[in-house]
Amino acid sequence: MPIIQLPDGKKVTYENAVTGFDIAKDISISLSKKALALQVNGEYKDLDTTISKDSSVKIITLEDDYALELLRHDSAHVCAMAVQELFPGTQVTIGPVIDNGFYYDFARKEPFTEDDLAKIEKRMMEIVDRDDKTTREVWERKKAVEHFKSIGEHYKAEIIDSIPGKEEISIYFHGKWHDLCRGPHLPSIGKIGKAFKLMKVAGAYWRGDSNNVMLQRIYGTCWKTKKDLDEYLHNLEEAEKRDHRKLGKTMDLFHFQEESPGAVFWHQKGWALFQTLVEFMRKKQLEAGYKEVNTPEIIDRALWEKSGHWEKFHEYMYTTITPDERTFAIKPMNCPGHCQIYNQGLKSYKDLPLKLSEFGKVHRYEPSGSLHGLMRVRSFTQDDAHIFCTEEQITEESVKVTKLILDIYKAFGFENISLKYADRPEKRVGEDSVWDKSEQALLEAIKASKVEYTINKGEGAFYGPKIEFVLRDAIGRDWQCGTLQVDLNLPGRLGATYIDKDGKKKIPVMLHRALFGSLERFTGILIEHYAGKLPFWLSPVQVAILPISEEHHHYAKEILNQLEKKGIRTIIDLKNEKINYKIREHSLEKIPVLMICGTKEMQDKTITLRRLGQEEQQTAKLDEIISSLFKEAQTPKI
RNA sequence: GCCCCCUUAGCUCAUUUGGUAGAGCAACUGAUUUGUAAUCAGUAGGUGGCCUGUUCGAAUCAGGCAGGGGGCACCA
């Protein structure tokens, strides 16, 4: 006699065990038609699940958020069905739900082509029309393994083998087609509707391990309605428009070329932006008590052996052999260099914390397939610093670093920031007592920042725990930028010491920290965040002066002169073109301020100003406008 | 690094099955001297990523290399 409690608090007593479908039907016929699945005592189940014990039950319909997951999961199955109908002999592996859709990994010798994708999608539509009923069976493990082996599904058999003994092996049938699956699923395939689309084929390693064979992954997107699907596709197009690689070209900021893969050729405008960032960071760091230094790009292999980098990372290091047959490595990190500076002269506890910062250009031979515009390069500038301090100072310094990073991010309009905290991994160096202290210190820093955080258990570096700073951009993408790591290893290896109060030599703790990480990458993030429409202070060209006709050229040049005196980055357009043309051209270049001058302005010593993306104009006295733009050009206060 | 795809004028892109390339914008020249997102006309511009092969003939077919793109793996 199960008593079913519904979300509105109502309790219904049944004589016998009931299915979710029965419950829905008892509530209303319309609900039974809309019902997709169940939530029984918080767990999601199939609609036809039999309930024999007292339970609280919610009927899931398209209105629930969870419905989207069901739709996407079923779409993955339909994709697999379509593939196996069209390409017999293809083995299925896994097909989970992901953000915005699903994927399914297949094992097949011949690659899927773009045309195949269209065919598969068409077949999926037909399968949806067929509207096969879904049923669930629980199989005995051995039988399941043998069955899947017998039909040539070796990957499935392997998956079943690896499922923990306690769990039951559930097989879902959509008509004749069946798959090992945890579920739950929609009562019938037709319920997924047609708001889905296959997006792309890609390679993916079996079980995510690069030692394994490569499977073919088909990605798809799936939504509740056609409108949602269209909106998603539209958003993708919009995101493409702000791609920094595209904008970098059209805005004349930088380029790459094949002779130096993964290294940026900064054009004048891109470099102006880059330098503005550096200036800003330099100012903020000096204010925060950092001492800026600079260390060699190329250092003898021996030092990298001592620091441990050679052993762990030499395949990612560029090296060079000089005519005197010495092997040098081009620095992939700045920390050993900073340790050398620290080591000059005897340090006292009174010198700590010592904060050495550097805009250090580092080179890492990243795997070719990982390169991606400015976001992942082989040669980049870190806004790096190392804080040498005592164990007791870790907390205070970590709090300061966290605050500095958060403040700086906010200056760029990144309000949505989260932290990832990673604690001790299995393989590590250092005393557990020091790990206790370091982890504690980082956690305190996080709590003091009052920002949302997640814990990555066991994901810390072998030399210490770390915090990673993640910011969310204007279109909701997350970027991991800043990092703060406690290092219990390197100072000892490189012989860093200080004399403590008791007169004894001790090894300092080193905090590695980067605010943006790679300045190249951060520039890319900024370009995409602002969709190329950089704020005035960052814009490589801040003002374009557009005279109406030739008789206004003289006045325009006078304005240019005054703006340049104030350090405002200005161009003047003396082309023999109509004002419409000039406005269009410089708007497309995303110059934030256009100054138009004609006869009126020339007579009144005024200027007409038009801001990017706005149609309204503002006419005012020249000196007023210049002084207000000068203020706007200053780096933001934090 | 691995899988798939791509590489044609400065940029964006055409050239259907092999018969040695074409447009728009940009550039240049001339006319026009213009009031808030493209004035008109003309000129010039290409070893079709690179190499090798098949063929009477290759942008087109095959092989190799490089770079790029989408993923996977990697990211001290």
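Each chain gets a letter, A, B and so on, in the order the sequences are listed, and its residues count up from 1.
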What's the gap between rC28(B) and rA21(B) when it is taken at their C1' atoms, as a whole Å value?
23 Å

Are any of Lys582(A)'s side-chain N or O atoms less than 4.0 Å away from OP1 or OP2 of rA38(B)?
no

Can you check whether His372(A) has a side-chain N or O nearer than 4.0 Å to OP1 or OP2 of rG70(B)?
yes

For nucleotides rU20(B) and rU60(B), find the distance between their P atoms and express it as a whole number of Å.
14 Å

Report the distance from atom CG of Asp473(A) to atom CG of Asp478(A), rounding to the nearest 0.5 Å.
8.0 Å

Closest approach to the side chain of Lys600(A), judged atom by atom: which nucleotide of rG1(B), rG35(B), rG70(B) is it?
rG35(B)

Spacing between Tyr581(A) atom OH and rA26(B) atom P, to the nearest angstrom
4 Å

With distance as the sole criterion, do the side chain of Arg376(A) and the base of rC75(B) form a donor-acceptor contact below 3.5 Å?
yes

Grab the CE-P distance between Met375(A) and rG70(B) for me, whole Å please.
11 Å

How long is the line joining CG of Asp209(A) and P of rC74(B), in whole Å?
8 Å

Using the salt bridge (charged side-chain N to carboxylate O under 4.0 Å, His left out) rule, pick out the option among Lys246(A), Lys241(A), Arg245(A) that qualifies with Asp243(A).
Arg245(A)

Roughly how many Å is it from CD in Glu550(A) to C1' in rU39(B), rounded to a whole number?
16 Å

Please evaluate the base of rU36(B) for a donor-acceptor partner in the side chain of Glu615(A) within a cut-off of under 3.5 Å?
no

For atom C1', what is the distance between rA27(B) and rG46(B), given to the nearest Å?
15 Å

Mate of rG35(B) across any strand shown (Watson-Crick or G-U wobble, both atom pairs under 3.5 Å) is none

By nearest atom, which of the nucleotides rG67(B), rC72(B), rG35(B) is closest to the Pro261(A) side chain?
rG67(B)

Specify the separation, in whole Å, of atom NZ of Lys533(A) and atom C1' of rA37(B).
13 Å

Distance-only donor-acceptor test, Glu601(A) side-chain atoms vs rG35(B) base atoms, 3.5 Å:
yes

As a test of reading the structure: which of rU33(B), rG69(B), rA38(B) is closest to the side chain of Ser549(A), going by heavy atoms?
rU33(B)

Please confirm whether the shortest side-chain N or O distance from Lys312(A) to OP1 or OP2 of rA76(B) is below 4.0 Å.
no

Taking the ring of His255(A) and the ring of Phe265(A), is the distance between their centroids below 6.0 Å?
yes

Looking at the rings of Phe522(A) and His529(A), which for Trp means the six-membered one, are their centres under 6.0 Å apart?
no

So which nucleotide does rG24(B) pair with, by the Watson-Crick or G-U wobble rule with both distances under 3.5 Å?
rC11(B)

Have a look at Ile387(A) and tell me which of Val509(A), Val486(A), Val401(A) forms a side-chain contact (heavy atoms from CB on, under 4.5 Å) with it.
Val401(A)

Spacing between Glu114(A) atom CD and rG70(B) atom C1', to the nearest angstrom
10 Å

Describe, in one word, how the ring planes of Tyr409(A) and Phe516(A) are oriented to each other, choosing from parallel (under 30°), tilted (30 to 60°) and perpendicular (over 60°).
parallel

Pairwise C1' distance for rA59(B) and rC6(B), with rounding to whole Å
14 Å

So does Asn580(A) get a side-chain nitrogen or oxygen closer than 4.0 Å to the phosphate oxygens (OP1/OP2) of rA37(B)?
yes

Quote, to the nearest angstrom, the P distance that separates rG63(B) from rC75(B).
34 Å

Between Ser368(A) and rG1(B), is there a contact of a side-chain N or O with OP1 or OP2 at under 4.0 Å?
yes

Taking pairing as Watson-Crick or G-U wobble with both contacts under 3.5 Å, can you name the mate of rU60(B), or confirm there isn't one?
none

Can a donor-acceptor pair under 3.5 Å be found between the side-chain atoms of Arg610(A) and the base atoms of rA37(B)?
yes

Atom-pair distance (CG on Leu236(A); P on rG70(B)), nearest Å
12 Å

With RNA chain B as reference, determine whether Tyr463(A) or Met214(A) sits nearer its 5' end, using the nearest nucleotide of each.
Met214(A)

CD on Glu297(A) to OG on Ser379(A), rounded to 0.5 Å
9.0 Å

So does Tyr205(A) reach the base of rG71(B) with its side chain, donor to acceptor, closer than 3.5 Å?
no

Paired with rG67(B): which nucleotide, if any, by Watson-Crick or G-U wobble criteria at under 3.5 Å for both distances?
rC6(B)

rA44(B): pairing nucleotide in any strand, Watson-Crick or G-U under 3.5 angstrom:
none

With a 3.5 angstrom cut-off on both distances, give the Watson-Crick or G-U wobble partner of rU16(B), or none if there isn't one.
none

Whole angstroms only, please: what is the CZ-C1' distance between Arg245(A) and rG67(B)?
14 Å

Nearest to the side chain of Thr599(A), which nucleotide is it out of rG70(B), rG35(B), rU12(B)?
rG35(B)

